[in-house]
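Convention: sequence-line order gives letters A, B, ...; per-chain numbering from 1.
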2 protein chains.
Amino acid sequence: MPRNTAHIADGRYDLAEEPALVRFAALGLDGAAAATGLADAVARAYPVRARRELTSEGRAIAEPRLLLRGWAARVRLLPDGRRQFMSFLVPGDLIGMNAQPQPLAAATVIAVTDVVACRPPSIDDAPALADTYAVSAALDEAYLLAQITRLGRLNAQERIADLLLELHERLTLNGMAQGDAFELPLTQEVLADALGLTSVHVNRMVQQARRDGDLQWKGGRVTLTDPVALARKIGRIPPRVSAMQEAAAAVTPTA
Amino acid sequence: MPRNTAHIADGRYDLAEEPALVRFAALGLDGAAAATGLADAVARAYPVRARRELTSEGRAIAEPRLLLRGWAARVRLLPDGRRQFMSFLVPGDLIGMNAQPQPLAAATVIAVTDVVACRPPSIDDAPALADTYAVSAALDEAYLLAQITRLGRLNAQERIADLLLELHERLTLNGMAQGDAFELPLTQEVLADALGLTSVHVNRMVQQARRDGDLQWKGGRVTLTDPVALARKIGRIPPRVSAMQEAAAAVTPTA
DNA sequence: CGGAATTTTGAAACCTTTCAAATTGGGTGG
DNA sequence: CCACCCAATTTGAAAGGTTTCAAAATTCCG
């Protein structure tokens with residue numbers, strides 16, 4: 001069974017390490033409240049093969065999804081064959097919940113690896129989820145803005161470092177990072193289409209990052225030598241989850 | 001009184017031509033329902049001088065705003081002085097209403113010209129506004145995705161044409177375009193910071209667009225020679241408002 | 001009219017792409 | 001376990017698009 005395809009209901013399954021649960025908790029959700037709804041959601045999980053669509057552009061209504069396993073991405077295809085990845089989605093990320101009655105997805109969501117997704121737990125079942133979803137939506141938007149800045153004002157080296165740092169943070173949030181290392185199931189070509197570069201140039205710049213001692217990348221696994229130093233080096237300003245939680249709390253009087 | 005500063009309450013004021021009202025109507029809002037709440041909102045309008053902030057990054061809670069006159073923009077400043085415009089805001093656009101309890105703006109909203117804004121009409125006063133705001137939010141996200149594609153996969157010429165086409169569409173939506181012409185109160189430097197280019201190169205490419213007969217641009221006024229042909233030329237796929245309305249309607253049973 | 005902001009020009013340096021082609025790596029079938 | 005194939009990574013050289021740095025020309029405004 002290919003990496004990332006492992007079905008949820010296998011023997012070694014432990015809800016406490018479920019990336020979605022870890023992420024929700026990191027976003028401020030009470031563990032108990034989370035586990036309830038999530039267990040149900042997980043039970044209804046279904047797999048999607050790599051390269052398949054999770055949602056397609058133009059479809060009338062896209063049902064919201066919660067990604068449980070594997071990586072997905074929001075991508076837009078241009079008429080001439082060029083493509084642009086808007087953002088990557090990792091386990092614990094929500095899909096298509098932003099604009100309330102989220103009508104049209106302005107981009108297609110595809111599975112980058114084999115994936116497992118499910119319907120997100122309903123707010124009706126666990127009201128505490130409302131805050132979590134709001135924080136998640138705010139983070140999603142922050143990531144879109146970060147992507148714009150990356151493409152508009154960073155050079156190739158900075159773009160690569162910045163994106164890897166973001167992914168590292170997000171994988172730390174959902175418990176999938178191992179310290180400064182993490183699995184990166186992306187080809188350099190996919191990375192290039194996310195960073196507005198060619199795969200050839202991504203390759204050259206990654207090699208340089210290796211030579212500079214900024215990172216290791218081998219066999220789908222990336223290790224950042226010193227994330228903090230790297231962030232400083234490229235002047236990265238990450239979105240702060242903690243501040244978001246505070247703000248979300250502020251508008252939701254604990255009545 | 002500088003252009004765009006004209007206070008709402010001047011002699012020639014006509015609510016029917018209020019860009020915000022025109023835009024809301026274009027997004028599917030019933031004229032009567034709109035006028036009510038909007039008249040109130042307009043009465044509470046206040047001016048903001050060019051270059052001032054409407055909302056700042058990191059502030060705990062940004063109150064939502066409705067832009068009535070002038071242009072604003074969401075911008076992010078980098079530590080080294082570079083800056084990136086995320087999107088432009090024109091009259092009729094809503095600010096900071098996306099993520100429900102919209103906690104942190106991940107970017108600063110600044111007035112590009114002198115501006116007049118107000119608190120948006122409350123949904124409580126006119127329930128029909130809920131749909132309008134939802135469609136507006138969906139469009140906002142579509143514009144962000146368009147910006148990503150622009151920066152990631154279009155060359156300088158295409159970026160300029162694509163953005164001008166988008167702005168033309170949006171100004172047509174709120175009634176501020178005159179056929180294929182519209183006021184563009186942006187310097188080439190601001191445009192450059194939105195397009196991820198230098199102002200020098202924007203200047204050169206605009207000149208080329210003029211030579212190619214694609215547009216006229218003089219004294220803050222742009223005329224597109226043939227918007228449809230230009231869109232085809234650069235392979236532009238605009239976000240479809242109509243489809244969005246349909247979708248929004250679909251999820252809001254006309255009980 | 002005068003000064004500041006914006007637009008325009010030029011030449012050279014720089015970063016990124018292009019187009020092939022070679023190399024490596026992983027997975028499959030024998 | 002090896003041969004083989006396809007996908008992904010790597011390398012080179014040359015072309016191309018964009019930036020840089022100045023400085024000149026225009027336009028806008030008070």
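- Heavy-atom neighbours of Arg44(A) CZ from other residues, nucleotides or ligands within 6.0 Å: above the threshold of 12.
- For DNA chain D, the residues of residues 155-164 of chain B within the heavy-atom distance limit of 4.0 Å (strictly under) are Asn155(B), Ala156(B), sorted by number.
- Taking the ring axis of Tyr143(B) as reference, the NZ or CZ atom of Arg170(B) stays within 45° of it and closer than 6.0 Å to the ring centre.
- The main-chain N or O of Val90(B) is found under 3.5 Å from a side-chain atom of Asp93(B) such that the two form a donor-acceptor pair.
- Checked by atom type and distance alone, the side chain of Glu158(A) pairs as donor or acceptor with a backbone atom of Asn155(A) at under 3.5 Å.
- In this entry the distance linking CE of Met205(B) with C1' of dT18(D) reads 9 Å, nearest Å.
- Arg23(A) contributes no side-chain N or O that, together with a main-chain N or O of Pro91(A), makes up a donor-acceptor pair within less than 3.5 Å.
- Judged by distance alone, the side chain of Arg82(B) and the main-chain N or O of Arg153(A) form a donor-acceptor pair under 3.5 Å.
- dT19(D) atom C1' lies 13 Å from atom CZ of Arg82(B), rounded to whole Å.
- No more than 12 heavy-atom neighbours from other residues, nucleotides or ligands sit within 6.0 angstrom of CD on Gln216(B).
- For the pair Asp80(B) CG and dT20(D) P, the interatomic distance rounds to 11 Å; values are reported in whole Å.
- Atoms CG (Leu154(B)) and P (dG17(D)) sit 15 Å apart, rounded to a whole Å.
- Side-chain proximity of Leu197(A) to the nucleotides dT19(D), dA8(D), dT17(C) is greatest for dT17(C).
- Put simply, the side chain of Thr113(A) gets close to the backbone of Trp71(A): a donor and an acceptor are under 3.5 Å apart.
- At whole-Å resolution of the value, CZ in Arg153(A) and C1' in dT18(D) are 12 Å apart.
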### Message
I'd like to compare against my own output: the B/S/- annotation of nucleotides 10-15 of chain D with a strict under-4.0 Å heavy-atom distance to protein.
### Response
SBBB--
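- The nearest whole Å value for the distance from the NE2 atom in His201(B) to the P atom in dC15(C) is 16 Å.
- Proximity note for Thr198(A) (side chain, C-beta onward) versus dT18(C), dT18(D), dT16(C): the nearest is dT18(C).
- The distance from atom NZ of Lys218(B) to atom C1' of dT7(C) is 13 Å, rounded to the nearest whole Å.
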### Task
For side chain to side chain donor-acceptor pair (under 3.5 Å), just list the numbers for Gln147(A) and Arg150(A), CA-CA rounded to whole Å, side-chain angles, deciding distance to a tenth of an Å, and then say yes or no.
CA-CA 5 Å; Gln147(A) 171 77 336; Arg150(A) 203 146 44 213; 3.0 Å; yes
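- Rounded to an integer number of Å, the gap from Gln208(B) CD to dT8(C) C1' is 15 Å.
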